[in-house]
Amino acid sequence: MKTDLQKILAISGEKGLYRYVSQARLGMVAESMLTGKRSAFGPSAKVSSLSDISIYTHEGETPLREVFEKMKAHLGDACAPDPKSDPKQLIDFFTTVLPGYDAERFYPSHMKKVVLWYNQLKEFASLDFTEPEEE
């Protein structure tokens with residue numbers, strides 16, 4: 001089954017990724033990919049869809065979907081490096097996977113989030129993504 005990155009959410013202050021479930025009267029309902037628990041989030045929650053996130057490169061921005069696809073092509077069936085690993089290891093990994101990333105705007109803390117999200121998608125969803133809808 002393909003993963004729709006528009007429905008996969010990163011919520012500030014919450015651990016892990018969430019799946020969008022439905023609109024609520026004052027916000028939305030999302031389900032944790034880690035625990036399966038559903039929670040309601042109000043309009044003040046900082047919610048980002050993974051389809052809206054991009055990585056800065058010297059040529060502009062690369063959508064997170066493309067970064068995940070490059071990671072998958074490089075790693076095959078293996079997991080991404082541990083997010084708690086040495087920042088040098090993460091930098092070396094992204095230098096290989098995404099040469100030309102902007103080191104002045106894409107920090108090791110961002111790299112940790114990307115590898116964490118990749119590993120969670122690999123474990124709880126699919127790394128086969130739906131095509132983005134044309135606007």
Side-chain angles (χ1 to χ4, degrees):
M1 187 159 126
K2 293 189 176 205
T3 301
D4 182 358
L5 288 181
Q6 289 183 318
K7 294 186 179 184
I8 304 295
L9 311 171
I11 302 172
S12 183
E14 299 294 325
K15 187 175 181 178
L17 294 173
Y18 283 76
R19 275 190 187 92
Y20 173 82
V21 176
S22 68
Q23 192 69 33
R25 198 169 129 238
L26 292 173
M28 63 160 197
V29 176
E31 179 179 80
S32 169
M33 291 178 79
L34 296 175
T35 64
K37 180 181 170 193
R38 290 184 177 192
S39 303
F41 295 95
S44 62
K46 291 187 176 183
V47 178
S48 299
S49 168
L50 293 191
S51 65
D52 296 336
I53 298 174
S54 296
I55 306 300
Y56 292 112
T57 62
H58 296 296
E59 292 79 38
E61 296 180 6
T62 302
L64 191 57
R65 176 181 190 270
E66 290 179 25
V67 175
F68 285 154
E69 289 171 347
K70 290 179 181 190
M71 290 171 69
K72 181 181 176 186
H74 176 74
L75 294 166
D77 288 335
C79 289
D82 187 341
K84 296 178 183 173
S85 61
D86 182 46
K88 173 131 178 52
Q89 184 181 359
L90 293 173
I91 291 168
D92 291 343
F93 174 72
F94 278 98
T95 300
T96 304
V97 171
L98 189 65
Y101 75 86
D102 188 346
E104 293 180 12
R105 299 195 291 177
F106 184 52
Y107 306 113
S109 60
H110 301 142
M111 294 175 188
K112 288 179 181 186
K113 284 182 185 177
V114 172
V115 296
L116 177 69
W117 294 341
Y118 179 88
N119 288 335
Q120 286 182 2
L121 287 173
K122 182 177 183 337
E123 184 175 349
F124 298 109
S126 165
L127 294 172
D128 188 19
F129 305 114
T130 59
E131 293 297 319
E133 291 181 20
E134 306 250 343
E135 293 186 21

Measure the [atom1]-[atom2] distance between [X] and [Y] for me, rounded to the nearest 0.5 Å.
| X | Y | atom1 | atom2 | answer |
| --- | --- | --- | --- | --- |
| L64 | S54 | CG | OG | 7.5 Å |
| T3 | R65 | OG1 | CZ | 10.5 Å |
| K72 | E69 | NZ | CD | 8.0 Å |

Tell me, do I8 and M33 make a side-chain contact under 4.5 Å, heavy atoms counted?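 They are in side-chain contact.
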Name every donor-acceptor pair, under 3.5 Å, that has one atom in a side chain of residues 10-23 and the other anywhere in the protein, sequence neighbours excluded.
residue : atom : partner : partner atom : Å
E14     : OE1  : Y18     : OH           : 3.2
R19     : NH2  : F124    : O            : 2.8
Y20     : OH   : Q23     : N            : 2.9
Q23     : NE2  : G27     : O            : 2.8

What's the shortest heavy-atom distance between [X] and [Y], and which atoms?
| X | Y | result |
| --- | --- | --- |
| K112 | P83 | CG-O, 3.2 Å |
| A78 | K122 | O-CE, 3.4 Å |
| L90 | D82 | CD2-O, 4.1 Å |
| T96 | P99 | O-CD, 3.6 Å |
| L9 | S49 | CD2-CA, 4.0 Å |
| V114 | M71 | CG1-SD, 3.9 Å |

Does K7 have more than 12 heavy atoms from other residues, nucleotides or ligands lying within 6.0 Å of its NZ?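 Count not over threshold, so no.
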Looking at E59, I want to see if its CD is surrounded by more than 12 non-hydrogen atoms of other residues, nucleotides or ligands under 6.0 Å.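 Yes, because the 6.0 Å sphere around CD of E59 holds more than 12 heavy atoms from other groups.
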Could you state whether [X] and [Y] fall into the same hydrophobic cluster, counting links through intermediate Ile, Leu, Val, Met, Phe, Trp or Tyr residues with side-chain heavy atoms under 4.5 angstrom apart?
| X | Y | value |
| --- | --- | --- |
| F93 | L127 | yes |
| L75 | L121 | yes |
| L34 | V115 | yes |
| Y118 | I53 | yes |

Please verify the inter-ring angle class for Y101 with F94; under 30° counts as parallel, over 60° as perpendicular, anything in between as tilted.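 Rings of Y101 and F94: perpendicular, as their planes differ by over 60°.
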Can you sort out the partners of P108 under side-chain contact (heavy atoms from CB on, under 4.5 Å), two or more places apart, ordered by chain and number?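 Only P87, I91 meet the side-chain contact (heavy atoms from CB on, under 4.5 Å) criterion with P108.
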Excluding sequence neighbours, so at least two apart, what forms side-chain contact (heavy atoms from CB on, under 4.5 Å) with S109?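 Testing S109 for side-chain contact (heavy atoms from CB on, under 4.5 Å), a comparison that skips the adjacent residues, returns Y107.
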Other ILVMFWY residues reachable from Y56 by side-chain steps of under 4.5 Å: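 Joined to Y56, directly or through intermediates: none.
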Donor-acceptor contact present, side-chain T130 to main-chain K2, <3.5 Å: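 A pair under 3.5 Å: no.
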Side-chain (S39) to main-chain (A30) donor-acceptor, under 3.5 angstrom: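 No; judged by distance alone, with no hydrogens or angles, the pair does not exist.
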D102: partners by salt bridge (charged side-chain N to carboxylate O under 4.0 Å, His left out), with sequence neighbours left out: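 Checked D102 against salt bridge (charged side-chain N to carboxylate O under 4.0 Å, His left out); matches are R105.
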Can you name the salt bridge (charged side-chain N to carboxylate O under 4.0 Å, His left out) partners of K88, sequence neighbours left out?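 Counting only residues at least two positions away or on another chain, K88 forms a salt bridge (charged side-chain N to carboxylate O under 4.0 Å, His left out) with D92.
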